Undergrad: 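Please find one structure pasted underneath; my questions will follow.
Keep in mind it's a predicted model, so treat the numbers as computed, not measured.
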Amino acid sequence: MAAHRLQPGQKLVIASHNRGKIPEFQRLLQPLGLELSCAADYGIPEPEETGTTFTENALIKARAVAAACGLPALADDSGLAVTALNGDPGVYSARWAGPERDFNLAMQKIETLLADKSDRSAQFVTVLALCWPDGTTQTYDGAVGGTLIWPPRGPNGFGYDPVFMPEGYTQTFGEISAEQKNKLSHRARACAAMIAEMQTPATRAES
């Protein structure tokens, strides 16, 4: 199917029950001038994320919401991929934090696994999946590389941010400002790719 383009003022549903994502995506997608809401606003249950890749999980979420509400839906799936751990925790980044979402526990687990390894490189990865009611899907990737440090530093951000120092910086994502992070984060880069496609006359087809 031919790729579609979002128009200014168009409704876009963020495939998440986390309303905190609305202002974040409003900032990141501001050039498109969209009207954003989230899946919770429509009473849509969260689908089970059974994929083994970021793309698969993002598509599962976006397709479920687009089909349920009849509007274009955008989902993201993100995680930390550690080189020396063969890309883990990857799509299981949230699960490593346990049912209580204790990322201090998750960061300690990574540090323990890296104890005898010299390579501390890692990258944050995001895949955005845009799904339309007619089944058309478009995906956008974003990644930012860096180094894992220990102990964790900084009160900002969330998740693994306090142990991730992006390339070219001497501060972690937990130490830099939200404005700085929004300029170079994996999610910001994926959103930039989406904006570029929406604002380019010729769009690629993907299904």
Side-chain angles (χ1 to χ4, degrees), residues 1-7 10-29 31-32 34-82 86-97 101 122-145 158-160 185-200 202-207:
M1 297 180 184
H4 300 333
R5 297 179 65 190
L6 293 164
Q7 303 298 326
Q10 188 164 2
K11 292 182 178 181
L12 176 66
V13 183
I14 303 302
S16 172
H17 280 230
N18 179 3
R19 287 190 171 86
K21 287 192 174 184
I22 299 299
E24 179 181 15
F25 275 111
Q26 282 177 330
R27 289 193 301 270
L28 295 174
L29 298 176
L32 297 179
L34 304 170
E35 182 182 332
L36 302 185
S37 57
C38 71
D41 296 330
Y42 298 86
I44 302 169
E46 293 184 280
E48 185 178 358
E49 296 177 35
T50 57
T52 59
T53 67
F54 295 116
T55 300
E56 289 175 357
N57 281 334
L59 286 170
I60 287 171
K61 292 182 281 189
R63 282 173 172 151
V65 172
C69 67
L71 292 168
L74 182 70
D76 76 290
D77 201 56
S78 307
L80 178 70
V82 182
N86 298 315
D88 283 341
V91 295
Y92 306 109
S93 293
R95 296 183 203 180
W96 277 34
R101 292 294 190 264
Q123 62 176 348
F124 271 121
V125 179
T126 285
V127 174
L128 295 179
L130 175 62
C131 186
W132 301 76
D134 68 0
T136 300
T137 60
Q138 294 151 247
T139 60
Y140 310 92
D141 301 345
V144 56
F158 52 86
Y160 299 93
S185 76
H186 46 308
R187 190 170 286 109
R189 291 176 178 181
C191 286
M194 176 176 164
I195 291 169
E197 180 171 272
M198 293 298 146
Q199 295 180 335
T200 301
T203 58
R204 58 186 169 86
E206 183 175 349
S207 62

Undergrad: Indicate yes or no: at least one non-hydrogen side-chain atom of Val144 is less than 4.5 angstrom from one of Arg189.
TA: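 Contact flag for Val144/Arg189 side chains = yes.
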Undergrad: Enumerate, atom names and distances included, each donor-acceptor pair closer than 3.5 Å involving a side-chain atom of residues 67-78, sequence neighbours excluded.
TA:
residue	atom	partner	partner atom	Å
Asp76	OD1	Lys21	NZ	2.8
Asp76	OD2	Ser78	OG	3.2
Asp76	OD2	Arg187	NE	3.3
Asp76	OD2	Arg187	NH2	3.0
Asp77	OD1	Lys61	NZ	3.3
Ser78	OG	Thr126	OG1	2.8
Ser78	OG	Arg187	NH2	3.2

Undergrad: Taking the side chain as everything from C-beta on, heavy atoms only, tell me whether Phe25 gets closer than 4.5 Å to Leu128.
TA: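 Counting from C-beta outward, Phe25 and Leu128 do come under 4.5 Å.
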Undergrad: Among pairs that include at least one residue of residues 45-54, which meet side-chain hydrogen bond (donor to acceptor under 3.5 Å, both in side chains), considering only residues two or more places apart or in two chains?
TA: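 The answer is Thr52-Glu56.
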Undergrad: Would you please name every residue forming a salt bridge (Lys or Arg N to Asp or Glu O under 4.0 Å) with Arg19, sequence neighbours left out?
TA: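 Here the qualifying residues are Asp41.
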Undergrad: Go through the steps to decide whether Val125 and His186 satisfy the test side chain to side chain contact (heavy atoms under 4.5 Å, CB included), and finish with yes or no.
TA: CA-CA 6 Å; Val125 179; His186 46 308; 5.8 Å; no
Undergrad: Could you work out, with ring-ring contact (aromatic ring centres under 6.0 Å, His included) as the rule, every residue matching Tyr160, not counting sequence neighbours?
TA: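 Partners of Tyr160 by the ring-ring contact (aromatic ring centres under 6.0 Å, His included) criterion, ordered by chain and then number, come out as Phe103.
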Undergrad: As a test of understanding, state which of His4, Gln138, Glu197 forms a side chain to side chain contact (heavy atoms under 4.5 Å, CB included) with Leu130.
TA: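 Option passing the side chain to side chain contact (heavy atoms under 4.5 Å, CB included) with Leu130: Gln138.
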Undergrad: At what distance, to the nearest 0.5 angstrom, does CD1 of Ile22 lie from OG of Ser37?
TA: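 Ile22 CD1 to Ser37 OG: 6.0 Å, rounded to 0.5 Å.
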Undergrad: Who pairs with Pro23 by side chain to side chain contact (heavy atoms under 4.5 Å, CB included), at least two apart in sequence or on another chain?
TA: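 With sequence neighbours excluded, Pro23 shows a side chain to side chain contact (heavy atoms under 4.5 Å, CB included) to Gln26, Arg27, given in chain and number order.
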Undergrad: Under the side chain to side chain contact (heavy atoms under 4.5 Å, CB included) rule, collect the residues that match up with Ala122, sequence neighbours excluded.
TA: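 Listed in chain order: Leu80, Val82, Leu148, Phe164.
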Undergrad: Within the structure provided, determine whether Leu29 and Met194 are in side-chain contact (heavy-atom separation under 4.5 Å).
TA: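 The answer is yes, as the side chains (C-beta and beyond) meet within the 4.5 Å cut-off.
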